[in-house]
Amino acid sequence: MIHPVYTISTIADILNAKPVLRINEPVITKLVIDSRIVIDPEESLFFALQAKRDGHTYLADAYLNGIRNFVISDPSYAALFSDANFLIVTDVLAALQILAGYRRRQHDLKVLAITGSNGKTIVKEWLYQLLAADFNIIRSPKSFNSQIGVPLSVWQIEPEHTMGIFEAGISKNGEMDSLAAVIKPEIGILTNIGEAHAEGFSSHKEKLTEKLKLFKDAELLIYSPDYTEGFSINDLPGKLKFSWSQKQKADLQILFIEPIDGRNYIRANFKGQEIECLIPFRDRASVENGIICWATLLALGYTPEEADLRLEKLTLVGMRLELKNGINQCSVIDDSYSADISSLAIALDFLNLQNQHPKKTLILSDLYETGKNDEILYHEIADLLKQKNLNRLIGIGPRISACAEFFEMEASFFESTQSFIADFPSLHFMNETILVKGARRFEFERISKLITQKIHDTVLEIDLNALAGNLQFYKSKLRPEVKIMAMVKAFSYGSGSFEIANLLQYHKVDYLAVAYADEGISLRKAGITMPIMVMSPEPSAFDAIVKHHLEPELYNLEILKSFSLFLNDNEYDYPVHLKIDTGMHRLGFEESDLTDLLTYLNELKKVKVVSVFSHLVGSENELHDDFTKHQIDRFAVITDQIEKGLGYSFIRHISNTSGISRHPNAQLDMVRIGIGLYGFDGALVNNKGLQTVAVLKTTVTQVKQIKPNETIGYSRKGSLPDGGSIATVKIGYADGYNRKFGNGIGQMLIHGKPVPTVGVICMDMCMLDVTGMDVNTGDEVIVFNGTLTIAQLASQIDTIPYEILTNISQRVKRVYFYE
Ligand SMILES: *Cc1c(COP(=O)(O)O)cnc(C)c1O
């Protein structure tokens, strides 16, 4: 098979770019958009995309990482390095898409494209599971479905592939045409259309019209008329159509769905005959995604019997990397999602974001990467591991073991998962971050079980991508030069410590702030090197503050003096932050303190004022706008006086989360984002634009039948006057589930349905009224998520989201997800 070769000048031709070529004809195999994530620098082409920041500002970083080939739109940057190639184009994103589209057209494979509001990634992964026996499939890694993700996915097509499955997501009008040109699908699959992402569109119809553009040249469209109301069949794209429906006549018309033992049995009409299948999942979304896959198999010509056999074997798609606590002070990243080289690269980047342990270890199985012989594949992996500074490799499987000599780091190899487990005690995992990544047949969940701490049935799941998305949301509201201090006090508002800080450090936030020195010290011990402000620096902690390079907030003369006197004779200009009271009346210097403050600072010169700040008391509320303005004005006057008095300038900051949303004039030099990172902002209607970061889950321990005259729980507070059933769940007030939620005030979700509490909340448990529902021991119970929100919980017991979040006790284990 001929592998196409893309030299830099071929690419210049394809892109119709103006080339500035200084080094000879490198062959490009990798397209890079993030200067931090580089695998094979000599063969990489960096695209300076315009994102929140101008991609050109990352050229130097990319160059330092070894990249010598760049696509840029601002010609002046071509002069930046004398030993690098530049392709100058008018639109860098369009160039990326054109290049991928070109590659797509060089290959003759069956291409399926998936779009919709929900279920795209699951349907893609399941189709891969269902069709991998018959085709050599290339598919989008994870959910690479954006304007950037799609071309990067399509660029991976090799001549050996016989099928491509790509997902496409859009957030506003006008985006789909470019994705259609890149993917050029033969078969289109439309998944569930919900209200998600509706913001970028003026109507449902407009959204659907835009999505359908993906399929405009497709041979076959697989869709449900339930989601295309208002469109006649002739309005829909696709020369041929295959429909499925639970409500109306369709090519695959569902007759009934019946749950059996945690699975769902489905009967349907197909070509005038009744056919059946078993979907091995219980939730509604999985059933629908399963039906879409069923329709696709039938549309592709599989017999109903064959389709049923394959669907029955579908397995759960764990789409996210999970970060958990391990044994012997280890952290474990669990990735059983997919075992190919591009997802390995993503997982290694997440591994590299972890600073909490000195050592980074990978447990990796044989990979079944199509179209590469083992020698090339494992050489490539060895290079990747070296590039990512991996310290230790444990290879499992005959093929990786046969290539042992390629790996230069500490390494050990095992023929099978079994033999690894037999030798486990001799491997001495200790104080390291371990990435576990294996092809499904190696059953690495057995390894994860060995090396992770047991997670109790109540867990707080933290979505790190959502947190990064929220950071981005606020960044986009700031003038580009405004710095960001992220508030990670109180265990990051209950969400975690170094796990959150690692992410914020990676995203180049400028400062972190904690309440107490202890919190700062644990971040330092976990490898966080960025500046950290301590808001309540007690004199007893001065020693530790200095030792760990923490920066105290000084809020009155007394603490300023005691800190200055504490510093060594030869220590000058220690970085500190001054807090000004402009109306909160909690901590801070007042205007009347300024003369003494300045005299003291100028005489001793022990400390250097790096920032001066104040705190808004009512930035979220219009009612307080006059007062907010008054605070901002006073702050300006006071900081001017301080600057004059000191003779040097410093960072000024006053805005918290809602301040950013409602008072753009208060951004000054820096803002302090707290609750917004975690998904709440009192200034936004329903937190619009923010993503849900935290999901609290527990499980049903027991289900009981209750008679009308019986009572439930302590003090006999609960009862079901008509009798019924209750589920006991493993969360109580000691976990942070407030007693005020008792007696029906609070609700949880079981199988998506809200169920009220009954009786009082106990220390470790509480009871829910599940009368009339099919609930069993072990069923998942949602305490809060994106549907039943923390904001709703807060209003039920008359408090604020801050308190709900920070009250979740440390005994509730946190698990971190990263896509
Ligand atoms: C907690 C805190 C913030 C963050 O406030 P949010 O409303 O959570 O954004 C900002 N500044 C100071 C001084 C704080 O204590």
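Order of appearance sets the numbers: ligands from 1, and atoms from 1 within every ligand.
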When the aromatic ring centroids of Tyr511 and His577 are compared, is their separation below 6.0 Å?
-> yes
Which residue holds the protein heavy atom closest to [atom], what is that atom called, and what is the gap in Å?
atom: atom 4 (C) of ligand 1; answer: Tyr493 OH, 3.4 Å
atom: atom 7 (O) of ligand 1; answer: Tyr802 OH, 2.7 Å
atom: atom 5 (O) of ligand 1; answer: Asn656 CB, 3.5 Å
atom: atom 11 (N) of ligand 1; answer: Arg672 NE, 2.7 Å
atom: atom 1 (C) of ligand 1; answer: Lys489 NZ, 1.3 Å

side-chain contact (heavy atoms from CB on, under 4.5 Å) between Ile484 and Ile673, intermediate numbers included | CA-CA 7 Å; Ile484 294 175; Ile673 314 182; 3.9 Å; yes
Atoms of ligand 1 close to Met487 [distance to a heavy atom under 4.0 angstrom, numbered from 1] = 2 (C), 3 (C), 4 (C), 10 (C), 11 (N), 12 (C), 14 (C)
Which atoms from ligand 1 have a heavy atom of Met535 less than 4.0 Å away?
-> 13 (C), 15 (O)
Distance only, no hydrogens: is a donor on one side chain within 3.5 Å (strictly under) of an acceptor on the other, for Arg524 and His549?
-> no
Could you check which of Ile673, Ile654, Thr657, Leu587 puts a non-hydrogen atom nearest to atom 9 (O) of ligand 1?
-> Thr657
pair Met487-Tyr493: side-chain heavy atoms closer than 4.5 Å = yes
Side-chain contact, heavy-atom cut-off 4.5 Å: Ile761 with Asn738?
-> no
Starting at CD of Gln691, measure out to CG of Leu471 and round the result to the nearest 0.5 Å.
-> 11.5 Å
For ligand 1, find out whether one of its N or O atoms is nearer than 3.5 Å to an N or O atom of Ser658.
-> no
Compute the shortest N/O to N/O distance between Gly674 and ligand 1 and return yes if it is under 3.5 Å, no if not.
-> yes
Regarding Lys172 and the six-membered ring of Phe201, is the cationic atom NZ or CZ under 6.0 Å from the ring centre and inside 45° of its axis?
-> no
